[in-house]
Amino acid sequence: MLVSELMLQQTQVGRVVPKFDEFMSRFPTIGDLAGASEEQVLEQWSGLGYYRRARLLLGLARSLVERAAPIPDSVEALQQLPGIGPYTAAAIASFAFGRRAVTLDGNVRRVAARFLGFEGDARGRQANARFTEWILGLMEEAPPGTINEALMELGATVCTPAGPVCGVCPFKEGCLAWGSGAPDRYPGPRTARAPESERWVAACVFADDGRILVTKVISGPILRGLWLPPWIGASGAGQDDGEARARALLPVMVKPAGAGREVRHSVTYRRIRIMPFLYELLDERAVPDGWRLVRSEDPGVPTSSLLAKLSEACKPGWIEWNTRRETLNE
DNA sequence: AAGTCGGGGCA
DNA sequence: TGCCCAGACTT
């Protein structure tokens, strides 16, 4: 439950399920997890995003094992653990231990905001107090875990963000949003940072057997600790300029082999467009420490979905297409 | 309270 | 393209 709830933070169930199964077979017990390296845990987490969660989960496992402590059964104690905030503490306390705790996640906030006709910030303090009060009342009628799960499921399947299916909703009577005739007007819009566009160039070096050259992301605000082809910002750079910038990232002699298809990758508010430049590796033995050749479909190192995107964008079909388009433009 | 972190699915 | 998702942590 610890693993699944950490994975489920801001991540939809359908994307968690396969990762969860793999993770649990790789680390069946909390002891296995505590004994693993950060690299090993991040490798299992690859593609899920919000990689801090993986590091926090590892720290959590280690601290429990070190103290020979059981997993706490109260909200307060759970929330002291790294990576466990108000939602996750309530989820584990109610699901695993039957405690009377309210899981205020995005789904439940939406359901509550609609039922109560709550105007204002559905993530603020007032909302917390009002929603919790209502849900604690519901828990007089059924076990806390049942109520929590029911509200989440209702939000995920019926009381959806857009186009809620009010016709089949068991809470329709008494729902102020339904009564208002415009249920999807609740909750009010969330404040979000405006998206910003970035352009990168990446250097994608391939060995004869199709393996791609990656290195660990050391600096920068995002994707730190993951293994990826080297990239650098190149806003405003032209094709030749971009290629020069990409090649300068490389630690080995290579043979330029054109450009791939542009890749789009989003990281929170950043909308990044990446031009991959292709290279052939001349001498595999020249790959220095800190760099590795990996198969993109089975890297064996911590990485992001960006690796597969870049690799895919460099496949021969795309290269030909890109070359043809450039020729036409000329 | 606001800013930050991945990534994909969906209208 | 904008919005959202079984949020937590830092400032």
Side-chain angles (χ1 to χ4, degrees), chain A residues 1-20 42 45-57 59-60 78-96 101-113 120-128 135 145 147-157 159-165 184-197 217 220-226 228 263-273 302-310:
Chain A
M1 195 170 289
L2 277 172
V3 172
S4 69
E5 290 298 346
L6 268 287
M7 286 187 170
L8 284 163
Q9 291 169 5
Q10 291 289 283
T11 308
Q12 287 164 339
V13 179
R15 288 188 47 232
V16 164
V17 170
K19 290 286 180 186
F20 174 78
L42 278 174
W45 206 272
S46 293
L48 260 186
Y50 287 148
Y51 296 94
R52 176 171 55 184
R53 296 180 295 174
R55 299 183 172 99
L56 291 169
L57 177 59
L60 192 165
L78 282 163
Q79 211 174 326
Q80 299 303 310
L81 298 175
I84 298 191
Y87 163 77
T88 308
I92 295 173
S94 66
F95 296 146
V102 174
T103 51
L104 285 184
D105 72 339
N107 286 314
V108 174
R109 289 180 188 282
R110 183 174 55 256
V111 171
D121 181 6
R123 305 174 58 133
R125 278 201 126 68
Q126 285 188 43
N128 289 351
I135 296 168
I147 296 294
N148 284 333
E149 192 175 356
L151 289 172
M152 282 188 253
E153 193 69 10
L154 187 70
T157 61
C159 196
T160 49
V165 197
D184 51 2
R185 205 168 58 76
Y186 298 86
R190 185 172 2 182
T191 59
R193 174 165 179 175
E196 294 177 17
S197 296
V217 180
I222 56 179
L223 304 176
R224 221 177 348 225
L226 307 183
L228 289 164
V263 166
R264 297 163 198 249
H265 192 72
S266 291
V267 178
T268 66
Y269 63 88
R270 304 163 197 270
R271 287 212 292 252
I272 309 161
R273 299 158 70 119
T303 190
S304 143
S305 67
L306 178 56
L307 174 63
K309 283 191 204 173
L310 285 171

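Proteins come first, then strands; the chains are lettered A, B, ... in the order of their sequence lines, and each starts at number 1.
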Exercise. Indicate whether the side chain of A:Glu5 and that of A:Tyr87 have a donor and an acceptor atom separated by less than 3.5 Å.
Key: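 There is such a pair (donor and acceptor under 3.5 Å, judged by atom type) between the side chains of A:Glu5 and A:Tyr87.
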
Quiz item: Is it true that the side chains of A:Arg123 and A:Asn128 contain a donor and an acceptor less than 3.5 Å apart?
Solution: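 The answer is no; no qualifying pair exists.
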
Practice problem: Check whether any side-chain N or O of A:Ser94 sits under 3.5 Å from a backbone N or O of A:Gly145 as a donor-acceptor pair, and report yes or no. | Solution: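 Here the side-chain-to-backbone pair does not exist.
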
Quiz prompt | Check: A:Arg264 main-chain N/O paired with A:Lys309 side-chain donor or acceptor under 3.5 Å | solution =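 Indeed, once roles are kept as given, a pair shorter than 3.5 Å links the two residues.
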
Length of the [atom1]-[atom2] vector between [X] and [N], whole Å:
X        : N      : atom1 : atom2 : result
A:Arg53  : B:dG7  : CZ    : C1'   : 10 Å
A:Arg15  : B:dC10 : CZ    : C1'   : 14 Å
A:Leu48  : C:dA6  : CG    : P     : 14 Å
A:Gln80  : C:dA8  : CD    : C1'   : 14 Å
A:Leu8   : C:dA8  : CG    : P     : 12 Å
A:Leu226 : B:dG6  : CG    : C1'   : 10 Å

Phosphate OP1/OP2 of [N] contacted by [X] side-chain N/O (<4.0 Å):
X        : N     : answer
A:His265 : B:dG6 : no
A:Tyr51  : B:dG7 : yes
A:Arg190 : C:dG2 : no
A:Arg270 : B:dT4 : no
A:Ser266 : B:dG8 : no
A:Arg193 : B:dT4 : yes

Exercise. Would you mind telling me which residue lines up with the more 5' stretch of DNA chain C, A:Ile84 or A:Glu153, judged by nearest nucleotide?
Key: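 Result: A:Glu153.
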
Quiz item: Taking the nucleotide of DNA chain C with the closest heavy atom to each, which residue, A:Pro195 or A:Gly106, is nearer the 5' end?
Solution: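 Of the two residues, A:Pro195 wins.
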
When rounded to the nearest Å, what value does the distance between [atom1] atoms of [N] and [M] take?
N     : M     : atom1 : value
B:dG8 : C:dC9 : C1'   : 23 Å
C:dC5 : B:dC5 : C1'   : 14 Å
B:dG6 : C:dC3 : C1'   : 15 Å

Self-check item: Closest-nucleotide ordering on DNA chain B, the 5'-leading residue of A:Thr191 and A:Ile222
Solution: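 By nearest-heavy-atom nucleotide position, the 5'-most residue is A:Thr191.
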
Quiz item: In terms of the nearest nucleotide of DNA chain B, which residue is placed more toward the 5' end: A:Arg125 or A:Gln9?
Solution: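 Closer to the 5' end of DNA chain B: A:Arg125.
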
Quiz item: Any chance CD of A:Gln79 has more than 12 other-residue heavy atoms, nucleotides or ligands included, within less than 6.0 Å?
Solution: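 Buried by this count: over 12 neighbours within 6.0 Å.
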
Practice problem: Spell out yes or no: do the side chain of A:Thr11 and the base of B:dG6 have one donor N/O and one acceptor N/O closer than 3.5 Å? | Solution: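 Present.
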
For a quick check of understanding: with a heavy-atom distance under 4.0 Å over all strands, which category does [X] fall into, base, sugar-phosphate or nothing?
X        : answer
A:Ser304 : sugar-phosphate
A:Pro82  : sugar-phosphate
A:Ser4   : nothing
A:Val13  : base
A:Lys309 : sugar-phosphate
A:Leu6   : nothing
A:Ser305 : sugar-phosphate
A:Arg55  : nothing
A:Gly47  : sugar-phosphate
A:Arg123 : base
A:Arg224 : nothing

Quiz item: Does a side-chain heavy-atom distance below 4.5 Å link A:Val263 with A:Arg273?
Solution: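 No, side chains not in contact.
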
Quiz item: Side chains of A:Ser305 and A:His265: closer than 4.5 Å at any heavy-atom pair?
Solution: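 A side-chain contact exists here, since the closest heavy-atom pair is under 4.5 Å.
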
Where the side chain of [X] is defined as all heavy atoms beyond and including C-beta, which of [options] is the nearest nucleotide?
X        : options             : value
A:Gln10  : B:dG7, C:dG2, C:dG7 : C:dG7
A:Arg271 : B:dC5, C:dC4, C:dG2 : C:dG2
A:Arg264 : C:dA8, C:dT1, B:dG7 : C:dT1

Self-check item: A:Arg53 vs A:Thr11, side chain to side chain donor-acceptor pair (under 3.5 Å): CA-CA, chis, key distance, verdict
Solution: CA-CA 11 Å; A:Arg53 296 180 295 174; A:Thr11 308; 3.1 Å; yes

